[in-house]
Amino acid sequence: MSSTLSFEVFPPNTQVGTEKLITTLEELQQLAPDFISVTCSNNRQTIEETTLRVADYIHTELQVPTIAHLPAAYLDQAQVQRLVTRLDQIGIHQILALRGDIIPELPPKQDFTYASDLIDYVKQQAPHFHISGACYPETHPESQNRIEDVKNLRRKVAGGCDQLITQLFFDNELFYQFQESCDLADIKVPILAGIMPIVNRKQALRLIKTTNTKLPRKFLAILEKYEHDPIALKEAGLAYAIDQIIDLATQDVAGIHLYTMNNAEVAKHIYYNTKNVLKGQIEVR
């Protein structure tokens with residue numbers, strides 16, 4: 001059984017970042033990914049100026065399947081209708097429906113309280129759209145427990161969610177336990193494993209500070225041993241991610257979704273070291 005490979009990128013805030021992203025996307029194109037997803041942040045710029053612009057470039061210029069992220073909390077029905085219409089015009093018929101992070105000083109809108117509300121609405125407006133949803137192998141941080149979390153996932157799937165993409169994780173056993181919970185709950189859509197390679201100290205420290213992700217002893221040992229050796233830390237971080245992917249592919253995971261951090265070098269390294277294991281990938285053109 002083959003596993004898909006996809007990448008995630010984020011719209012940059014500067015012209016230099018935009019130029020770098022274009023170069024990155026051109027390199028990612030050569031790896032023939034199953035799709036590239038484009039994130040959306042709740043900032044002052046509109047989704048049209050950020051997410052849709054990048055998604056349009058990937059779909060139209062690079063001709064790579066594209067998924068646009070839509071955050072439910074800060075969108076109203078009129079905006080979603082406009083965004084779905086625009087995506088339809090471009091030819092993009094895939095979205096990732098999220099609630100999105102809540103900004104303390106910015107009250108969310110009331111039309112879509114949860115991602116499941118957004119999924120229901122988009123399926124009504126555009127039933128031909130393929131909708132992905134986010135999931136958490138270690139349960140959503142605001143869920144009381146795994147049972148409640150899986151019930152919410154069932155609601156997403158019942159509303160029309162076609163596949164799930166996990167948040168990043170570093171312990172594959174937690175992912176397998178999560179898969180079993182979904183199977184018991186009769187959640188049958190594909191679950192793609194979200195993998196983020198840790199390749200520098202700054203990234204590692206930010207991860208530890210901002211997420212509740214379990215960090216296995218093997219992973220912590222890498223961070224501690226190579227904390228002040230950037231080259232070794234990068235090599236070890238890439239090796240850890242590759243080891244995760246090989247294990248997941250061996251267990252017939254539906255797909256790997258790589259959080260690239262707009263770094264083509266990292267994505268290429270992982271691709272060339274896992275493509276024969278994933279098997280479903282097309283050779284570089």
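Heavy-atom basis, side chains included; hydrogens, waters and symmetry copies ignored.
Linking Ile, Leu, Val, Met, Phe, Trp and Tyr whenever their side-chain heavy atoms come within less than 4.5 Å puts Leu28 and Ile242 in one cluster. Clustering ILVMFWY residues whenever any of their side-chain heavy atoms sit less than 4.5 angstrom apart, transitively, puts Leu192 in the very cluster that holds Met261.
Lys151 pairs by the side chain to side chain donor-acceptor pair (under 3.5 Å) definition with nothing, not counting sequence neighbours. Applying the ring-ring contact (aromatic ring centres under 6.0 Å, His included) rule to His130 yields no partners; only residues at least two apart in sequence or on another chain are considered.
Salt bridge status for Lys123 with Asp162: present, with a side-chain N to carboxylate O gap under 4.0 Å. Between Asp243 and Lys218 there is a salt bridge, with a side-chain nitrogen of the basic residue lying less than 4.0 Å from a carboxylate oxygen of the acidic one. Taking 4.0 Å as the cut-off between side-chain N and carboxylate O, Glu48 and Arg86 do not count as a salt-bridged pair. A salt bridge is defined here as a Lys NZ or Arg NE, NH1 or NH2 lying under 4.0 Å from an Asp or Glu carboxylate O, and Arg99 with Glu142 meets this definition. The pair Lys234-Glu265 counts as a salt bridge, with a side-chain nitrogen and a carboxylate oxygen less than 4.0 angstrom apart. Between Asp186 and Arg154 there is no salt bridge, since none of the side-chain N atoms of the basic residue sits less than 4.0 Å from a carboxylate O of the acidic one. Ion pair Glu138/Arg146 not flagged as a salt bridge, since none of the NZ, NE, NH1 or NH2 atoms sits closer than 4.0 Å to an Asp/Glu carboxylate oxygen. A salt bridge links Asp117 with Arg155: the distance from a Lys NZ or Arg NE/NH1/NH2 to an Asp or Glu carboxylate oxygen falls below 4.0 Å.
Looking at heavy atoms from C-beta onward, Leu52 lies in side-chain contact with Leu83 at the 4.5 angstrom threshold. When side chains are defined from C-beta on, Asp56 does not count as touching Leu87, because their heavy atoms never get closer than 4.5 Å. Residues Ile36 and Pro65 have side chains not in contact (no heavy-atom distance under 4.5 Å, counting atoms from C-beta outward).
Under the 6.0 Å cut-off for aromatic ring centres, His257 and Phe35 qualify, their centroids lying closer than that.
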